[in-house]
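Report on the structure given below.
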Amino acid sequence: MNLKVTEEAAKWYKNELELSNDTPLRFYVRYGGVGGLQPGLSLAIKQVDPAEPVAEDKVEGVYFYIEEDDEWYFDGHSLTVEYDENWQEPEFKYD
C-alpha cells in the first residue's frame with residue numbers, strides 16, 4: 001500500500017492543527033464515521049510517534065503515516081489525501 005498526501009491537503013492539516021515541522025500525524029481506523037472504505041469504520045488522525053509504519057509521506061514538513069496494525073482496513077488499496085475545494089477540507093481517495 002502507498003500513502004500520498006497532496007501539498008494542499010498537508011497545508012490544511014498544518015494550518016488547522018497548528019503543526020510544526022517534523023510533526024508525526026497518524027491516520028488510524030476508528031469505529032463509526034461516514035465515507036469509510038469498510039462499513040461502520042472510518043479514518044481519523046492523531047499526533048503520535050510511529051512504531052511500525054507501513055506507508056508514509058512527508059509533505060510541508062509534516063510526517064504522515066499509517067501503522068501496520070491498521071493496514072487491514074485498506075484491503076490492498078492505497079490512500080491519497082487531497083484537498084476538496086468545495087468542502088474546504090481533506091478528502092480520502094482509495095486506489
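A quick note: this is a predicted structure, and the numbers were derived from the prediction, not measured.
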Checklist entry - Is there side-chain contact between I66 and Y73, with heavy atoms separated by less than 4.5 Å? => result no
Item to check | Reported OG1-to-CG distance for the pair T23 and L17, which is rounded to 0.5 angstrom | outcome: 9.5 Å
Item to check | side-chain contact (heavy atoms from CB on, under 4.5 Å) partners for E16, two or more places apart | outcome: W12
Checklist entry - Does a sphere of radius 6.0 Å around CH2 in W87 hold more than 12 heavy atoms from other residues, nucleotides or ligands, not counting ones at 6.0 Å or beyond? => result no
Checklist entry - Do the non-hydrogen side-chain atoms of Y94 and D75 ever get within less than 4.5 Å of each other? => result no
Checklist entry - Going from CG on L3 to CZ on F74, what distance comes out if it is rounded to the nearest 0.5 angstrom? => result 7.5 Å
Next on the checklist: Contact between L19 and Q47 at the side-chain level, heavy atoms closer than 4.5 Å - yes or no?
Outcome noted: yes
Item to check | Verdict with reasoning, D95 to K4, per salt bridge (Lys or Arg N to Asp or Glu O under 4.0 Å) | outcome: CA-CA 11 Å; D95 306 324; K4 168 76 173 129; over 6 Å; no
Checklist entry - Would you call D70 and R26 a side-chain contact if the rule is heavy atoms closer than 4.5 Å? => result yes
Checklist entry - Does the side chain of Y28 reach to within under 4.5 Å of the side chain of I45, using non-hydrogen atoms? => result no
Checklist entry - If we only count heavy atoms from C-beta on, is the E67 to P53 side-chain gap below 4.5 Å? => result yes
Checklist entry - Going from CZ on F92 to CG on L79, what distance comes out if it is rounded to the nearest 0.5 angstrom? => result 6.5 Å
Checklist outcome for this item: To the nearest 0.5 Å, atom CD of Q38 lies from atom NE2 of H77 at 8.5 Å
Checklist entry - What class does the angle between the rings of F27 and F64 fall in, given that below 30° is parallel, 30 to 60° is tilted and above 60° is perpendicular? => result parallel
Next on the checklist: Taking V48 as the starting point, is it possible to reach V81 by hopping between hydrophobic residues whose side chains are less than 4.5 Å apart?
Outcome noted: no
Checklist entry - What's the shortest heavy-atom distance between S42 and G32, and which atoms? => result OG-O, 2.7 Å
Checklist entry - Rounded to the nearest 0.5 Å, how far apart are CD of E91 and CD of E85? => result 11.0 Å
Checklist entry - How far does CD of E82 sit from OG1 of T6, to the nearest 0.5 angstrom? => result 6.0 Å
Checklist entry - Can you name the side chain to side chain donor-acceptor pair (under 3.5 Å) partners of D84, sequence neighbours left out? => result none
Can you give me every donor-acceptor pair (side chain of residues 54-63, partner residue at least two apart or in another chain, under 3.5 Å) with its distance?
unit_1: E56; atom_1: OE1; unit_2: Y63; atom_2: OH; d: 2.3
unit_1: D57; atom_1: OD2; unit_2: V5; atom_2: N; d: 2.8
unit_1: K58; atom_1: NZ; unit_2: D22; atom_2: OD1; d: 2.4

